[in-house]
Amino acid sequence: MKQPCLLFHGFTGGPYEVEPLARHLREQGQHCEVPRLPWNGETHHQLHTSRWEDWVSAAEQHAQRLTEAHGSFDMVGFSMGGLLAAHLAVRFPVRRLILLNTAVIYVSPGKMLSVMRDEWKYKRKISLDKAKSTPLLATWQFTRLVRHLKPELSLVDKPTLIAQSENDQVIHPLSARYIYSKVKGQRELYWHSRGDHLICLSEDAPVLFRQVSAFLEKE
């Protein structure tokens with residue numbers, strides 16, 4: 001019987017960021033949970049009032065519930081959700097860990113501005129609109145969370161799959177190499193040349209999903 005899988009979205013994002021992967025895994029017979037977490041981009045009142053410790057607590061509550069219900073589970077984390085997924089893998093019975101474009105090293109400000117210009121040019125203003133609407137306090141809490149949880153990567157000893165888009169406009173690709181050098185035990189690193197930050201919604205998604213399925217099917 002397959003383990004259940006818990007999937008975390010990224011900072012100011014939402015379940016839509018990882019739902020395509022969850023749908024793929026469900027088609028393979030795996031129970032998946034994709035909660036809307038307090039750092040999502042839809043309920044800005046939470047971003048105004050919550051701290052990074054609240055985000056860690058919320059993540060732990062989901063992990064605790066799955067542990068009590070199933071004993072162990074697989075874990076997927078996207079972007080900032082990847083750092084929280086790694087945090088849970090150290091403290092809960094996570095069987096296998098999957099980190100997608102995980103937030104460790106940010107892209108350069110120059111490249112981010114270039115991405116925003118391109119999105120404006122093509123009327124894809126997602127990043128620009130999000131930057132305007134995201135509270136500065138929440139952004140500060142995000143940087144604090146990264147600073148506090150980044151050292152925990154060296155404590156991860158579960159089988160880990162790391163996937164990174166080469167054209168990620170938010171997370172620097174060096175993040176993947178850093179994570180690979182820090183986590184212990186069995187680990188796999190995959191680069192995706194056609195995807196951007198939203199890797200589960202990119203052209204590389206079908207390949208990524210096959211890699212994830214193969215990884216989770218290993219004993």
Side-chain angles (χ1 to χ4, degrees), residues 1-10 13 15-35 37 59-60 62-104 152-166 168 171 173 175-195 197-219:
M1 183 176 178
K2 294 187 176 182
Q3 296 289 328
C5 187
L6 180 60
L7 299 92
F8 282 176
H9 62 74
Y16 69 91
E17 294 175 321
V18 291
E19 185 58 44
L21 174 56
R23 185 162 55 247
H24 169 81
L25 295 177
R26 290 181 185 121
E27 291 172 354
Q28 309 299 312
Q30 189 163 14
H31 171 73
C32 293
E33 296 191 10
V34 190
L37 297 154
E60 291 177 344
H62 285 286
Q64 183 62 39
R65 186 174 54 78
L66 271 182
T67 299
E68 292 173 356
H70 303 281
S72 65
F73 57 96
D74 295 325
M75 184 77 232
V76 175
F78 165 71
S79 195
M80 190 187 85
L83 276 178
L84 286 154
H87 170 82
L88 297 182
V90 174
R91 292 163 174 77
F92 291 88
V94 171
R95 187 185 71 101
R96 288 182 174 269
L97 175 65
I98 297 163
L99 304 177
L100 309 176
N101 288 351
T102 293
V104 174
E152 295 192 5
L153 289 167
S154 62
L155 304 177
V156 174
D157 61 358
K158 308 293 175 63
T160 304
L161 182 151
I162 305 155
Q164 177 65 50
S165 298
E166 295 179 12
D168 193 330
I171 304 303
S175 293
R177 295 192 186 281
Y178 179 88
I179 295 169
Y180 186 84
S181 72
K182 292 296 181 180
V183 299
K184 298 177 175 61
Q186 177 193 341
R187 58 199 189 279
E188 302 175 12
L189 172 58
Y190 295 101
W191 297 97
H192 293 272
S193 61
R194 296 180 297 170
H197 186 55
L198 296 176
I199 190 170
C200 291
L201 300 170
S202 72
E203 292 183 54
D204 281 328
V207 174
L208 170 68
F209 296 171
R210 289 195 293 271
Q211 292 167 343
V212 170
S213 290
F215 177 72
L216 292 179
E217 287 171 4
K218 295 179 181 178
E219 295 295 333

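Count residues from 1 along the sequence. Because the structure is a prediction, the values reported are computed rather than measured.
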Flag, side chain of [X] to backbone of [Y], donor-acceptor distance under 3.5 Å:
{"X": "N101", "Y": "I171", "result": "no"}
{"X": "S202", "Y": "I199", "result": "yes"}
{"X": "R187", "Y": "K182", "result": "no"}
{"X": "K184", "Y": "L155", "result": "no"}

Roughly how far apart are [X] [atom1] and [Y] [atom2], rounded to 0.5 Å?
{"X": "I98", "Y": "I162", "atom1": "CD1", "atom2": "CD1", "answer": "11.5 Å"}
{"X": "H31", "Y": "L25", "atom1": "NE2", "atom2": "CG", "answer": "12.0 Å"}
{"X": "F92", "Y": "K158", "atom1": "CZ", "atom2": "NZ", "answer": "10.5 Å"}
{"X": "Q28", "Y": "R210", "atom1": "CD", "atom2": "CZ", "answer": "11.0 Å"}
{"X": "Q164", "Y": "L189", "atom1": "CD", "atom2": "CG", "answer": "8.5 Å"}
{"X": "L84", "Y": "H9", "atom1": "CG", "atom2": "NE2", "answer": "10.5 Å"}

[X] side chain near [Y] side chain, heavy-atom distance below 4.5 Å:
{"X": "F8", "Y": "L88", "value": "yes"}
{"X": "L7", "Y": "F78", "value": "no"}
{"X": "C200", "Y": "F209", "value": "yes"}
{"X": "L201", "Y": "P20", "value": "yes"}
{"X": "L100", "Y": "L21", "value": "yes"}
{"X": "V212", "Y": "H24", "value": "no"}

If I compare all heavy atoms of [X] with all of [Y], which pair ends up nearest, and what's the gap?
{"X": "P35", "Y": "L6", "answer": "CD-CD1, 3.8 Å"}
{"X": "L153", "Y": "A86", "answer": "CD2-CB, 3.8 Å"}
{"X": "P173", "Y": "E166", "answer": "CG-O, 3.6 Å"}
{"X": "A176", "Y": "W191", "answer": "CB-CH2, 3.9 Å"}
{"X": "L99", "Y": "A85", "answer": "CD2-CB, 4.2 Å"}
{"X": "T102", "Y": "S175", "answer": "O-CB, 3.6 Å"}

Candidate list K2, R95, K218, test salt bridge (charged side-chain N to carboxylate O under 4.0 Å, His left out), partner D74, passing option: R95
Steps toward side chain to side chain contact (heavy atoms under 4.5 Å, CB included) verdict (L161, R96): CA-CA 8 Å; L161 182 151; R96 288 182 174 269; over 6 Å; no
Electrostatic pair R91:E152 at N-O distance under 4.0 angstrom: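 A salt bridge is present here (some side-chain N lies under 4.0 Å from a carboxylate O).
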Residues which pass side chain to side chain donor-acceptor pair (under 3.5 Å) with R194, listed by chain and number, not counting sequence neighbours: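 Residues passing side chain to side chain donor-acceptor pair (under 3.5 Å) with R194: D204.
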Audit row: H87, E60, side chain to side chain contact (heavy atoms under 4.5 Å, CB included) steps and yes/no: CA-CA 9 Å; H87 170 82; E60 291 177 344; 2.8 Å; yes
Show me the side-chain donor-acceptor pairs of residues 63-73 shorter than 3.5 Å, one per line, residues at least two apart or across chains.
residue, atom, partner, partner atom, Å
Q64, NE2, E68, OE2, 3.0
R65, NH1, E33, OE1, 3.4
R65, NH2, E33, OE1, 2.6
T67, OG1, A63, O, 2.8
S72, OG, Q3, OE1, 2.8
S72, OG, Q3, NE2, 3.4

Worked check of salt bridge (Lys or Arg N to Asp or Glu O under 4.0 Å) between R26 and E19: CA-CA 10 Å; R26 290 181 185 121; E19 185 58 44; 2.5 Å; yes
